[in-house]
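Structure, as structure tokens:
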Amino acid sequence: MLENQRHLFDIPADVRYLNCAYMSPLLKSSVQAGHAAVDAKARPWTISQADFFSYSKTARDLFAGLINARVEDIAIVSSVSYGTATAALNVPLGAGEKVLVLAEEFPSNLYSWRVKAKACGAEIKVVERPVDTNWTAAVMAALEDQRVSVVVIPQTHWIDGGQLDLERIAAVRKIHDFALVIDLTQSLGVVGVDVQRIQPDFLICATYKWLLGPYALGFVYVNPRHHAGYPLEHGWVNRPGAENFSRLIDYVDEINLDATRFDMGERSNFQLMPIAIAGLEQIHRWGQLQIERSLRHYTQMLRHELEAIGFSACDEAWRSPHYLGVQHSEGLPEDILQRLANEKIYLSKRGDSLRISPHLYNNEADAQSLLGALKDCLRR
Ligand SMILES: Cc1ncc(COP(=O)(O)O)c(C=O)c1O
């Protein structure tokens, strides 16, 4: 397990920030990289043509390393909704077929599929929240419906913190084939994934949560079987000859035959990319397994104390290691978040769940303050 890493962040001692699922704080090293990046834009003569390609290559490499992918399988996007729209544009869907999604899924994983289903005469099939909190079993049962041809799932449910076993679900394709689109925004950076074993069609991840990155930047793993697919945009940087700035007017109809084909416009993003790189580098230094172990230990300790005051969470066997979406048997006061914020304790509420999502900067004092404040909230 890792020691507490609060010294790498700029978090005042009296702030109890247990809300990484909302947005991570930046590392000091990322802030430094970001300042240098903004300074460079004030002096554009310091930004070289090679920089249009080098930062994005480094970021792709680092992201690929977290999921056991090749650099040429990684596209750079602005958001999960951009990645989802790309997937929906490229995954086939026929009339009468179904797109499987989880109940209370994050909207960016739903809307593109609703539009596509409507256009194709297909349906959305919703997997209801399982009473026993086992999302994997619920998805496996729903897959007995042979009309499901696209499965859109996260690894961690953003509301309750339930974890899905992606390898088990992917293995169902040996008997019932479907396209698999995965959102790792609430898990990657903590829970490792191996795309060679899962073979998703598209796998999408925003950087501003567990990748400790900036807002408005994300990555998409694109399975090689889609490398000749349709990009959302038609820009200049992902075509043969892009490195030769003086000859961009020699127009070419070809687009790169790898995942860079799906890059968003202005993907070189000199301001945000260095911030993302610093976050990814730190995650590699710590190691996802060590992050996972440390956060599991912290959330298990919290869970134990929370149960003693009437809260419940997903069964430990299928809970994400870094995430507690808890409910209280007597319900929660409407103004609970405000009351906690008055004590400088920051969490989210999503649906009926109070969402506690710590990272390596959270210490014992954060946990004790949270538990004390929750007890007070329940008393009043
Ligand atoms: C599971 C999940 N996916 C995606 C996002 C963000 O989506 P987008 O990048 O489209 O804003 C969030 C934000 O909370 C999320 O929880």
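Heavy atoms only: backbone and side chains are in, while hydrogens, waters and symmetry mates are out. Note that ligands are numbered from 1 as they come in the structure, with each ligand's atoms numbered from 1 the same way.
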Where the side chain of Asn134 meets the backbone of Pro130, is there a donor-acceptor pair that is under 3.5 Å apart? no
Between the side chains of Thr260 and Asp263, is a donor N or O closer than 3.5 angstrom to an acceptor N or O? no
Would Gln186 and Lys209 count as a side-chain contact (heavy atoms from CB on, under 4.5 Å) if you check the C-alpha gap in whole Å, the side-chain angles of each, and the deciding distance to 0.1 Å? CA-CA 7 Å; Gln186 291 291 8; Lys209 299 177 191 281; 3.6 Å; yes
Taking only heavy atoms of the protein into account, state which residues are under 4.0 angstrom from an atom of ligand 1, in chain and number order. Ser79, Val80, Ser81, Phe106, Ser108, Trp158, Asp183, Thr185, Gln186, Tyr208, Lys209
Taking only residues two or more places apart in sequence, or in another chain, which ones meet Arg168 in a salt bridge (Lys or Arg N to Asp or Glu O under 4.0 Å)? none
So, for Trp236 and Tyr251, is the gap between ring centers shorter than 6.0 Å? no
Can we call the ring centroids of Tyr346 and Tyr22 under 6.0 Å apart? no
